Undergrad: 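I'd like to ask some things about the structure below.
This is a predicted model, so every value here is computed, not measured. Here is how names work: the chains are called A, B, and so on, in the same order as the sequence lines, proteins then strands, and each is numbered from 1.
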2 protein chains.
Amino acid sequence: MSHVGYPCLMALDRDHVLRSAAALLTRKSTATMDEVAKAAGISRATLHRHFAGRDALVRALEALGIAECDAALDRARPEEGAAADAVRRLLREIQPAAGLLAFLYGENQLWEGERQHDGWQRLDARIGALFQRGQQAGEFRIDLTPVWLTEALYGLIASGAWATLDGRVAARDFPTMIAELLLGGALRREES
Amino acid sequence: MSHVGYPCLMALDRDHVLRSAAALLTRKSTATMDEVAKAAGISRATLHRHFAGRDALVRALEALGIAECDAALDRARPEEGAAADAVRRLLREIQPAAGLLAFLYGENQLWEGERQHDGWQRLDARIGALFQRGQQAGEFRIDLTPVWLTEALYGLIASGAWATLDGRVAARDFPTMIAELLLGGALRREES
DNA sequence: CTATTGTGAGACATTGATGTCTCATGTGGG
DNA sequence: CCCACATGAGACATCAATGTCTCACAATAG
């Protein structure tokens, strides 16, 4: 095959395969292992050499999504400045991973009850802490729990990612759309 | 079998089966036809006599979800009074169908590109019109498009339904949680 | 040059869900 | 009493995806 001539170490390929799979499964969450392999430009046999099976692939994608979320959270500096600005920064940083997040969000819904990757709990805690900080600073209202705000953030990211993929909204509006709705809501501010 | 002794017409059974399937698929969207049949208290053969196949069942559930949405929208009187209050009424009325809606919302994501039930477009239009009315009345901000607000409403309903099923939030808070976030956002109002 | 290694292609068995069929049963209506 | 009909149970073929295997080929290192 006219494949790349580099001395491809498996570690490098693995990341490329993971990215391709993420991009494909974002658009079609039921894609076959065959389709995943084709999308990555490799054969199904090689795909199986990287990931023992579909489960292993999804779990690797989960780890990738969690890592990207963590990295985005780090870059957003959630402890710094106004909580609202931190949320805006977080959404800007997390946009590139939004498609993968949306896929994993939908995937988690059908793992009824089963235990999930510990990373999600840690992420929930980090994001929940951001909302709690905003509440304690008197910046956010206290009648909406941090748990619900975190849940709503995930849901809006998934909705935004899907609406973007379908072309119903523009990708460039993604971060502000979500941040403005989540923070300010639909009602006009009278005091401005 | 110790089945009900009524002269069960198929039309009556059909609705019962549909409700059971909705309740089950809400919790486990990948449930087997066998599981759906068992959940409805009938055999797989009888299930197939009601619905030609899985596709037919899902399409019937889609029609049911759309009908319930339409009914909820009617009961909410979206043209009446403040748009914000109409949104609150809508969320109260739509809560019983939230689980079904969440299932259908997730199901729609994996029908890449394919044509969808016309009913969704009509619902989108009705809900979008409500947001537009709020904007024209100066009640809602105009920098968030009605399309995005509609999308966000669906997403938050699904998020709320899943968070409720998992026990992360209380079912009684469902309508206010979503309405308060969607309308008012997380930020405190300074003018109150 | 030669051995090693990763790869693609494809065959193969397996599994799980699905759709179709038959047959016995039980019930209600005529 | 008898017939029609819906049902439940189960057998059966089908189909798609998966996982495993072998083998030939190309590239690279020694």
Undergrad: Tell me, do S159(A) and Y105(B) make a side-chain contact under 4.5 Å, heavy atoms counted?
TA: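 Counting from C-beta outward, S159(A) and Y105(B) do come under 4.5 Å.
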Undergrad: Any donor-acceptor pair, under 3.5 Å, between the side chain of R44(A) and the base of dG10(C), if you only look at N and O atoms?
TA: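 A donor-acceptor contact between them is absent.
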Undergrad: With the side chain counted from C-beta on, respond yes when E93(A) and D74(A) share a heavy-atom pair under 4.5 Å apart, and no when they do not.
TA: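 Counting from C-beta outward, E93(A) and D74(A) never come under 4.5 Å.
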Undergrad: Ignoring the backbone of R49(B), work out which of dT18(C), dT7(C), dG8(D) is nearest its side chain.
TA: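 Nearest nucleotide to the side chain: dG8(D).
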Undergrad: Take the protein atom CD1 of I42(B) and the nucleotide atom P of dT25(C), then report the distance between them rounded to whole Å.
TA: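 Checked: the CD1 to P distance equals 22 Å.
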Undergrad: Below 4.0 angstrom, N of the basic side chain to O of the carboxylate: do R59(A) and D55(A) qualify?
TA: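 Between D55(A) and R59(A) there is no salt bridge, as every charged N stays at least 4.0 Å from the carboxylate O atoms.
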Undergrad: Rounded to the nearest angstrom, tell me the gap between atom CG in L47(B) and atom C1' in dA9(D).
TA: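 Interatomic distance, CG of L47(B) to C1' of dA9(D): 15 Å.
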Undergrad: Between atom CG in L57(B) and atom P in dT18(C), what is the gap in whole Å?
TA: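 Between P of dT18(C) and CG of L57(B): 10 Å.
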Undergrad: At 10 degrees resolution, what angle do the end axes of the helix from dC1(C)-dG30(D) to dG30(C)-dC1(D) form when each is taken over five base pairs?
TA: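 The angle, to the nearest 10 degrees, is 10°.
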Undergrad: Any side-chain donor-acceptor pair under 3.5 Å between W162(A) and E151(B)?
TA: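 Not at all, the side chains of W162(A) and E151(B) share no donor-acceptor pair under 3.5 Å.
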Undergrad: Could you tell me how far apart R14(B) (CZ) and dT7(D) (C1') are, to the nearest whole angstrom?
TA: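 Checked: the CZ to C1' distance equals 18 Å.
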Undergrad: Is the phosphate of dA9(C), meaning OP1 or OP2, less than 4.0 Å from a side-chain N or O of S43(A)?
TA: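 Looking at the OP1 and OP2 atoms of dA9(C), neither is under 4.0 Å from any side-chain N or O of S43(A).
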Undergrad: Give the residues of residues 22-39 of chain B touching DNA chain C, defined as any heavy atom closer than 4.0 Å, sorted by residue number.
TA: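 T32(B), M33(B), in order of number.
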Undergrad: Counting side-chain heavy atoms from CB outward, which of dA9(D), dA9(C), dT7(D) is closest to D13(B)?
TA: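 Out of dA9(D), dA9(C), dT7(D), the nucleotide with an atom closest to D13(B)'s side chain is dT7(D).
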Undergrad: Round to the nearest Å and state the distance from R54(A) atom CZ to dA16(D) atom C1'.
TA: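 From R54(A) CZ to dA16(D) C1': 13 Å.
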Undergrad: In chain order, what residues pass the side chain to side chain contact (heavy atoms under 4.5 Å, CB included) check against D70(B), with sequence neighbours excluded?
TA: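 For D70(B), the residues satisfying side chain to side chain contact (heavy atoms under 4.5 Å, CB included) (neighbours in sequence not counted) are I66(B), R122(B), L123(B), R126(B).
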Undergrad: Does the Q95(A) side chain pair with the main chain of A171(A), one donor and one acceptor, at a distance under 3.5 Å?
TA: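 Confirmed, Q95(A) side chain pairs with A171(A) backbone.
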Undergrad: Counting N and O atoms only, with roles assigned by atom type, does the side chain of T32(A) sit under 3.5 Å from a partner on the main chain of E35(A), one being a donor and the other an acceptor?
TA: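 The answer is no, because no donor-acceptor pair under 3.5 Å joins these two groups.
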Undergrad: Between the main-chain N or O of I94(A) and the side-chain N or O of E68(A), is there a donor-acceptor pair closer than 3.5 Å?
TA: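 No, because the side chain of E68(A) does not come within donor-acceptor range (under 3.5 Å) of the backbone of I94(A).
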Undergrad: In terms of side-chain heavy atoms of H48(B), which of dG8(C), dT20(C), dT20(D) is nearest?
TA: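 Of dG8(C), dT20(C), dT20(D), dT20(C) is nearest to the side chain of H48(B).
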Undergrad: Once the angle between the rings of W120(B) and Y154(B) is folded into 0 to 90°, is it parallel (under 30°), tilted (30 to 60°) or perpendicular (over 60°)?
TA: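 Correct class here is perpendicular.
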